[in-house]
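Letters A, B, ... mirror the listed sequences (proteins, then strands); counts begin at 1.
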There are 2 protein chains.
Amino acid sequence: MVRVRMADVAARAGVSTATVSMVLNGVNSTRISPQTQQRVREAAEAVGYKPNSVARSLRTQQTRMVGLISDTIASTPFAGRMLAGANDVAREQGHLVVLVDTERDAEAERQALHALNGQQVDAVIYACMWHRVVEVPPGLPEDAVLLDCAPAGGGRAAVVPDERAGGRVAVRELVAAGHRRIAFLDAEERFELVASRLRYEGYLEVLAEAGIEPDPALHVRAEPVAGGGRDAARRLLDLPERPTAMFCFNDRMAMGAYAAAHHCGLSVPRDLSIVGYDDQQLVAAELDPPLTTIALPHYEMGRWAMEVALGLRQADPEVPHLMPCPLIRRASVSPPPTQFGD
Amino acid sequence: MVRVRMADVAARAGVSTATVSMVLNGVNSTRISPQTQQRVREAAEAVGYKPNSVARSLRTQQTRMVGLISDTIASTPFAGRMLAGANDVAREQGHLVVLVDTERDAEAERQALHALNGQQVDAVIYACMWHRVVEVPPGLPEDAVLLDCAPAGGGRAAVVPDERAGGRVAVRELVAAGHRRIAFLDAEERFELVASRLRYEGYLEVLAEAGIEPDPALHVRAEPVAGGGRDAARRLLDLPERPTAMFCFNDRMAMGAYAAAHHCGLSVPRDLSIVGYDDQQLVAAELDPPLTTIALPHYEMGRWAMEVALGLRQADPEVPHLMPCPLIRRASVSPPPTQFGD
DNA sequence: TTGAAAGCGCTAACAA
DNA sequence: TTGTTAGCGCTTTCAA
C-alpha cells in the first residue's frame, strides 16, 4: 500500500505534474490535447492515483471541510436529524463535516474553535440542540452560521423553528375540529425555554382569531416531561368546566396527558383531543392512539445552515430565519363530545 | 485578520523558524536555552500565532483527524451517545472527528472512504446504529474499527453490546423477585435482529439455571414497536395460565405491554412485572411506573472504538469485544402476586 | 545552542 | 499545447 503521487502519474503518462493537475481537475482542459488527457487519465487509473487533499488544501487555502460545533449531541434525539441535514448538503457539495461536541463548556468551545481554525475549515456552524438564545462564543468567525439558536446580540446568520406559527397551526387544528375550551399545557418558566413563550403566543393568536376568550385557568405549567403533563392534565380535568382539548408544550407532556385521561376514564380523542409538539418518533407515533403533533424541522434547519455556510444561499444576519413546523396529523384529534345544553 | 505564520514569530523573536518549531512543539527543548524559549513564546503570544494544521499534516503525514462513517445517524436516538463517546476520547487525545453519514448506500460509502482517505485521516471507525453483522465495505482500511457491528468474515477489531449477558441480567432480576412464569416478548424473525437471538439465549440460560422448564407458549413474537408489544402481551394475558412477568425485546414493546396490562385491569408491577431493553430515555424513564430495563452501552462502545482506533488500547481482531449492558432498576418489577394454591 | 535547507504533494503563474 | 518553477506553512536532519 505505497502512496502514489501525482508525479507517478506524470511519469507514467510522460507529461509534467502540471499537466496531470490540470487534466484531473478539469482546469484549462480545453488547452490540453484530447490524446494527452486520455493518456493522463489512463495513467492515473493504472497506478491507482488518489489525490492528497492535505497537499491540495495547503496550496489552495481551502479544505472542503466545515466545522460543526454542537453544544450537546449526546442527549437529544433531534441532533441526528440536524446533523443529517447538514451532512447531506455537505456531501452534495463535496465537503466533509468535522464534528465537535462541547457539552456547552466555554473552555471546550474555545479549544474547538482553535482546532477548527487550525484545520483551516472553510466554514463553521454553531449548533444548539434546543432552541435558545445564546451568547456567541468569542472567537466564533464572523461568518459562522447559528443553527437552532439565535445570537443574543443579533448580527449573525441563524435559523430557528417558527414556534409561534407552529403554535398557531396546532391550535387551529383544534379550533377547526370544533373545540372552544382548549387548554395549553406549558413548560414551567424556570426552564427558560424560548419555545414556551412563542408557542403560547401562537395559541393566544388563534384563540383571538376564533373569537375565543382565553381562560387563564386553562393555561397551566408543569415540568415538560410525561409526569408533569400527567399532573397538569389531571388538574385540568378536575376543573368544574373541563377543557375538551389540550395543546401540549411537547410530546412527552402529551404522553402524560393520555395517562391522565385514561385515569379519569376518558378516551382520546373521543372525550379529549390532544395535540403535542416535537414529533418525537418514539413517543408520538407509538402512543395509542397515535398523537397529532407539530414537527420540529431539524433536518431542514440543518440543510439551511449548511447551505448558508457554503454560500449556496444568502441569509439576513439581522433576523433569524424562521423554519416552518409542519402539522403531523395522526389520530388524537376529533370533534368535542356533544354536551347537554349545547 | 491576516494570518500570521511561523516566520513572523521567528522574525519577531530574532530566531529561525526551526527554533520556533522546536520550542512550540516541545521537541529537543532541552537543547534550546531557556531565554530563547521565553523569547519565542512571547513573540508567538504577541503576534497571536496559531499553527496551521494543514501544513503540519502535510509535513508529518498525520492529520490528527479520525473518520467516522455511520450508516444512518438520523433515525436513531442512540447515535448521539455513540458519537459522544467517540468524540470525548478524540478530544482528550487532541483529535478531531470527521463524520460521514452514508445512509447504508454502497456508493456513498465508497465516496466517503475516498474522501476520508484523501483527507489522510489517521484512523477510521465504521459505525452502525443497530447491532448487526455487516459485510465490510471494500476499501475500508485494514485497521478500521467496527462499532456496534461485527464483520461477517471476522478479522476486524469490533465492539458490540453483550446482548446475551444483558438477557441474562434481565431475566435474573425477574427470577430473583420470585417469578417462575416469565414470558419473552421477542421481535419477529423477519427483522433479522442479531440481538433477538442473543437475548433469547440469555433468557433460556437463566431459566435453566433456575430450574424452570421453558414454556414455548411464553415465547411470542411481534413487531418490535409499541403496537406489537401490546398485541403480544394481550395474547399472553389471554393464556389460561398467564405469565406473571414479561421480558420485552425492547422498551417500545414494553410500552405496549403496559398498555395491554392496563387494558386487562392489571397493575404494573403489582400484577405483572415488566423488564425492557435499550433504556430509551424518552420511553423507559417516562412510563408510569418507570421501566426497569437493560441499557445499551453506546457511550462506552463509542469510547472503546475510538481508543482502539487511536492505538490507546489493543483489540483482538478475531472476536468482537462484548460490552456489558447494565441493568437499570426502576419500578416495574416486584414479586409475583400470591396465587391460590401456592 | 541554533540555523540552513530540503522537502511533504499539490496548484498556478509564467515560459517556452 | 505543455513544462518549469515557485511556493502553500511546517518539521527535521545536518551542519555550524
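Each end of the helix from C:dT1-D:dA16 to C:dA16-D:dT1 yields a helix axis from five base pairs, and these two axes differ in direction by 50° (to the nearest 10 degrees).
No donor-acceptor pair closer than 3.5 Å links the side chain of A:R81 to the backbone N or O of A:P297. Put simply, the side chain of B:S16 never gets that close to the backbone of B:A10: no donor and acceptor are under 3.5 Å apart. The closest donor-acceptor contact from the side chain of B:T63 to the backbone of B:Q120 lies under 3.5 Å.
Taking a 4.0 Å limit (strictly below) on heavy-atom distances, residues 15-22 of chain B reaches DNA chain C at B:V15, B:S16, B:A18, B:T19. Annotation: proximity of residues 46-59 of chain A to DNA chain C (heavy atom, distance under 4.0 Å) is found for A:Y49, A:P51, A:N52, A:A55, A:R56, A:R59, numbered in ascending order.
Residues A:V89 and A:L312 have side chains in contact (heavy-atom distance under 4.5 Å, counting atoms from C-beta outward). Annotation: side chain of A:I69 is not in contact with side chain of A:I125 (no heavy-atom distance under 4.5 Å).
Applying the salt bridge (charged side-chain N to carboxylate O under 4.0 Å, His left out) test to B:R91 and every residue at least two apart in sequence or in another chain returns B:D88. Remark: B:R5 engages B:D8 in a salt bridge (charged side-chain N to carboxylate O under 4.0 Å, His left out) (not counting sequence neighbours). Take B:R110 and apply the side chain to side chain contact (heavy atoms under 4.5 Å, CB included) test, not counting sequence neighbours, and it matches B:E107, B:H114.
Residue pairs meeting the salt bridge (Lys or Arg N to Asp or Glu O under 4.0 Å) criterion with at least one partner in residues 111-138 of chain B, sequence neighbours excluded, are B:D71-B:R132. Sorted by first and then second residue, the salt bridge (Lys or Arg N to Asp or Glu O under 4.0 Å) pairs with a member in residues 143-161 of chain B form an empty list; sequence neighbours excluded. Within the structure, side-chain hydrogen bond (donor to acceptor under 3.5 Å, both in side chains) pairs that include any residue of residues 48-62 of chain B comprise B:N25-B:R56 (at least two apart or interchain).
Put simply, chain A comes within 4.0 Å of DNA chain D, heavy atom to any atom, from D:dT1 to D:dG9, going 5' to 3'. With a heavy-atom cut-off of 4.0 Å to chain B, the contacted part of DNA chain C has its first and last nucleotide at C:dT1 to C:dG9.
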Validation: residues 300-311 of chain B side-chain donor-acceptor distances under 3.5 Å, sequence neighbours left out:
unit_1, atom_1, unit_2, atom_2, d
B:R303, NH1, B:E92, OE2, 3.2
B:R303, NH1, B:Y299, OH, 3.3
B:R303, NH2, B:E92, OE1, 3.1
B:R303, NH2, B:E92, OE2, 3.2
B:E307, OE1, B:R313, NE, 2.9
B:E307, OE1, B:R313, NH2, 3.0

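For the 3.5 Å distance criterion, the side chains of A:Q37 and A:R41 qualify, holding a donor opposite an acceptor.
The residue B:G118 sits apart from the nucleic acid: no heavy atom pair falls under 4.0 Å.
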Verdict with reasoning, A:V98 to A:Q119, per side chain to side chain contact (heavy atoms under 4.5 Å, CB included): CA-CA 10 Å; A:V98 180; A:Q119 291 289 359; over 6 Å; no
Candidate pair B:Y126 and B:L147, rule side chain to side chain contact (heavy atoms under 4.5 Å, CB included), full reasoning: CA-CA 6 Å; B:Y126 183 85; B:L147 174 48; over 6 Å; no
